[in-house]
Amino acid sequence: MEAGALIIFALLVLFAFLGLGVWAAVKAVGAAKRGVDRTITQARRTVEDTALRAKSLGQVGVPGALAQLRLDLRTSMRATQQALYQGVQTDASLKESIGLFERLSAHGHELDEELKRLEQEPDRRRIADGLPELRERTAKITEASDSLRWAARDRARRFAQDDLTALSEQIEMESGALRDWSRESVDDLAAAAEAAGATGGAAAGDGAPAAGPRPAALNPSAPAAHHPWQKTPRPEATT
C-alpha cells in the first residue's frame, strides 16, 4: 500500500515538472514570437517611412502631397506615443493623457489608411480637389498630438527643475550644518584637552608620595620565571 502511494506521488511530481516545463516552453516561444513580430513591424515601418520620404521629395503634385501628409502624421503620432509611454513610467498622471492619445490615434489611423488608398487612386484631379480638407484634418491631428507631447515634456522638465532646486537647497543646508559642526567640535576638543591637562597636573601635585625608598617587605622581587626548556635543578647532597 505504501509503495503504491509513493509511486502515485512520484508520478504526480513528474507530471507537475513536465507541466511546468511545457508552460515555460510556451511562454518562451510566445515571448520570442512577440519579439520577432515587434522587429518585423519596426522594420516595415522604417521601410514605409523611407518610401514616403522619397516620394515626398522626388514626386510633385498629388503623389508628393499625399506622401508628405502621411509622413507628417506618422512622425508626430509616433513621437507622441513614445514620449507618453516613457513618461508614464515615472509620472502616473500621464495615464489620462494616454487615454486621450489613444482616442486621437484612432482618427490618425483612419486618416493614414485613407491617404494610403488615395495614393492608388487614378483620378488625380478629384484627389487634388480634396487636398485642402485632407491637409486640415492632418493639421488638426498633428497639432493635438504635438500639444500632448510638448505638455508631457514640459511637465517632466518642470519636475526635474523643482527636484534640482529642492536638492540644491538641502545640500546648502547640510553643508552649512557640517561646517558649524566641524568648528564646534574643534573648539570643544581644544577646551577638553586644556581642562584634562590642568586636572592631571593638580592631581599629580596633591598625590605625590613621600621621599625615600619603600620598605623591601612591601615590594618583594618577583620570582624568576620558569621556562619549559629549562632542566629542573637537582637537590644538593646532604652528605
Side-chain angles (χ1 to χ4, degrees), residues 26-165:
V26 171
K27 293 286 289 184
V29 171
K33 184 177 183 300
R34 287 191 298 270
V36 171
D37 293 341
R38 185 162 50 248
T39 302
I40 293 175
T41 301
Q42 292 176 354
R44 186 183 297 115
R45 288 175 179 175
T46 301
V47 171
E48 192 168 4
D49 290 346
T50 303
L52 288 174
R53 190 171 290 106
K55 288 180 180 179
S56 64
L57 296 175
Q59 297 184 10
V60 295
V62 173
L66 293 176
Q68 187 63 53
L69 290 177
R70 289 191 65 196
L71 186 62
D72 294 342
L73 178 65
R74 293 161 65 91
T75 302
S76 174
M77 297 295 288
R78 190 171 303 143
T80 303
Q81 182 182 22
Q82 182 179 3
L84 292 178
Y85 280 90
Q86 287 182 352
V88 77
Q89 297 178 4
T90 55
D91 187 0
S93 62
L94 291 180
K95 290 182 179 179
E96 184 175 355
S97 300
I98 290 178
L100 294 174
F101 175 74
E102 290 177 351
R103 292 173 55 187
L104 183 65
S105 295
H107 294 278
H109 286 300
E110 181 180 358
L111 178 58
D112 184 65
E113 291 295 331
E114 182 177 353
L115 293 172
K116 188 176 181 179
R117 288 193 300 270
L118 290 176
E119 289 178 347
Q120 309 299 325
E121 176 62 42
D123 191 351
R124 300 299 185 187
R125 181 176 298 177
R126 186 169 184 176
I127 298 176
D129 294 338
L131 276 178
E133 190 269 337
L134 294 173
R135 288 194 178 97
E136 183 180 359
R137 287 174 59 189
T138 304
K140 284 183 178 181
I141 295 176
T142 54
E143 287 175 2
S145 174
D146 295 343
S147 177
L148 280 175
R149 183 176 68 256
W150 284 110
R153 290 177 177 175
D154 291 342
R155 180 180 178 86
R157 188 181 303 109
R158 180 62 181 272
F159 282 167
Q161 291 176 352
D162 292 344
D163 184 67
L164 180 59
T165 301

Can you tell me how far apart [atom1] ([X]) and [atom2] ([Y]) are? Round to the nearest 0.5 Å.
X: Leu111; Y: Lys116; atom1: CG; atom2: NZ; value: 13.5 Å
X: Ile127; Y: Leu118; atom1: CD1; atom2: CG; value: 5.0 Å
X: Leu66; Y: Thr138; atom1: CG; atom2: OG1; value: 9.5 Å
X: Glu110; Y: Leu115; atom1: CD; atom2: CG; value: 10.5 Å

For residues 100-109, which side-chain N or O atoms pair as donor and acceptor with protein atoms under 3.5 Å away, sequence neighbours left out?
residue : atom : partner : partner atom : Å
Glu102  : OE2  : Tyr85   : OH           : 3.0
Ser105  : OG   : Phe101  : O            : 2.8

field: Note, Gln81 side chain near Ser145 side chain (heavy atom, < 4.5 Å)
entry: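 Gln81 does not reach Ser145 side chain to side chain.
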
Side chains of Thr75 and Thr142: does their closest heavy-atom pair fall under 4.5 Å?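 With C-beta onward as the side chain, the pair stays apart.
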
For [X], check side chain to side chain contact (heavy atoms under 4.5 Å, CB included) against everything at least two apart and list the hits.
X: Arg135; result: Ala65, Leu69, Leu131
X: Ser93; result: Asp91, Arg155
X: Asp129; result: Arg125
X: Asp112; result: Arg70, Leu73, Arg74

- Would you check if the side chain of Ser76 reaches a backbone N or O of Asp72 as a donor-acceptor pair within less than 3.5 Å?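 Checking the backbone N and O of Asp72 against the side chain of Ser76, no donor-acceptor pair under 3.5 Å is found.
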
Can you name the residues that form a side-chain hydrogen bond (donor to acceptor under 3.5 Å, both in side chains) with [X], not counting sequence neighbours?
X: Ser97; answer: none
X: Asp162; answer: Arg158
X: Asp154; answer: Arg157

Using salt bridge (Lys or Arg N to Asp or Glu O under 4.0 Å) as the criterion, list what pairs up with Arg137, not counting sequence neighbours.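 Listed in chain order: Glu114, Glu133.
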
* Which heavy atom of Leu94 sits nearest a heavy atom of Val88, and at what distance? ->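 Reported closest heavy-atom pair: CD1-N, 3.7 Å.
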
If you take all heavy atoms of Ala83 and Arg149, which pair is closest and at what distance?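 What the structure gives for the nearest pair is CB-CG, 3.9 Å.
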
Take a 6.0 Å sphere around CZ of Arg126 and say whether it holds more than 12 heavy atoms from other residues, nucleotides or ligands.
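Result for CZ/Arg126: open.
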
